[in-house]
Amino acid sequence: MSNAKPRTDEQHTSTNTGTTTAGETDEAVREEWTDYRFEGEAKLSVEDLDVYYGDDHALESVSMDIPEESVTALIGPSGCGKSTYLRCLNRMNDRIAAAEVDGSVTFDGDEIYQDGVNLVELRKRVGMVFQSPNPFPKSIRDNITYGPRKHGDLDSGVLAKLLGTATTEKADALVEQSLRNAALWDEVQDRLDDNALELSGGQQQRLCIARCLATDPEVILMDEPASALDPIATSRIEDLIADLAEDYTVVVVTHNMQQAQRISDQTAVFLTGGQLVEYDDTEKIFTDPESQRVEDYITGKFG
Ligand SMILES: Nc1ncnc2c1ncn2[C@@H]1O[C@H](COP(=O)(O)OP(=O)(O)OP(=O)(O)O)[C@@H](O)[C@H]1O
């Protein structure tokens with residue numbers, strides 16, 4: 001999965017008391033706990049991000065680098081800002097009239113919060129999968145080809161170059177490739193013209209992932225992608241996420257701490273007030289967190 005590496009002891013020196021030492025502020029300590037270092041490039045880099053919904057300060061000065069080709073889990077109690085944070089990464093909060101975003105997010109080094117950014121292009125490169133499967137009420141095939149057709153990608157652009165010549169052949173190849181990558185091909189290859197709403201919930205969610213893959217993203221944002229699914233379907237989604245991380249940068253919100261431990265390379269813990277309190281290798285977060293509040297949260301003492 002990831003090439004992310006833990007910090008060295010010199011870089012990672014705070015104690016496990018959750019309290020401040022003389023002269024330090026809470027902020028200073030938290031910054032140290034959230035300054036996750038890794039080898040390789042940051043795919044997304046978030047700096048001093050604040051989000052307000054009217055008077056509600058939903059995210060408070062969050063800074064966080066996300067390593068490429070790995071799984072980053074976002075955990076924390078309800079209302080702590082995980083979904084808000086996720087939506088900042090492809091500017092989906094722009095669609096919420098009350099949301100005001102302040103700060104910087106760079107994607108491959110380019111600022112996404114600047115004038116002139118092509119949001120359609122951004123959201124193709126930074127795709128999103130939601131909590132409840134939301135396939136279009138169309139055939140399985142059309143669910144996959146809808147986006148690329150709408151954006152003309154079957155006739156020009158990267159997908160066209162990748163996928164043969166005639167448009168129909170390109171579409172067939174795209175459908176098969178996307179469904180294979182979403183681990184759904186074997187189950188639906190004989191029913192591509194059936195309505196997607198006839199699929200099971202777990203199949204619908206994998207179709208939504210396939211639909212996202214069909215637009216050729218580099219990052220996949222997932223907001224509790226398995227919370228509406230039964231244990232078997234959840235397990236398939238978890239396996240799929242692990243596979244996807246070989247080629248994509250995956251950021252996933254989950255309420256399920258066992259799931260975060262199973263699927264992620266690094267975990268960010270948000271707590272009440274929209275604060276990122278600790279960000280580190282998943283194993284470290286779940287076995288030896290620095291913050292007492294994080295320890296209390298992951299051991300079920302609150303939240
Ligand atoms: N569209 C919105 N309009 C107004 N306030 C919102 C909106 N979306 C979220 N909020 C507020 O922002 C805060 C953070 O919400 P958010 O959904 O990001 O948290 P979360 O950690 O994802 O919660 P959950 O785990 O319950 O999904 C909450 O106080 C919430 O009420």
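Indexing begins at 1, ligand by ligand and atom by atom, following the structure's order. Owing to the predicted nature of the structure, the values given are computational and were not obtained by experimental measurement.
For the 3.5 Å distance criterion, the side chains of Asp35 and Tyr279 fail to qualify, holding no donor opposite an acceptor.
Here the closest heavy-atom approach between residue Phe130 and residue Gln205 is recorded as O-NE2, 2.8 Å. Closest approach of Ile75 and Ala260 over heavy atoms only: CG2-CB, 3.9 Å.
To the nearest 0.5 Å, atom CG of residue Leu240 and atom OG of residue Ser235 are 11.0 Å apart.
For the pair His255 (side chain) and Met257 (backbone), a donor-acceptor distance under 3.5 Å is absent.
For the pair Arg211 and Tyr146, the cation does not sit on the ring face, since its NZ or CZ is not both under 6.0 Å from the ring centre and inside 45° of the axis.
Each of Tyr53, Asp56, Ala58, Pro77, Ser78, Gly79, Cys80, Gly81, Lys82, Ser83, Thr84, Arg87, Ile96, Glu224, His255 has a non-hydrogen atom positioned under 4.0 Å from some atom of ligand 1.
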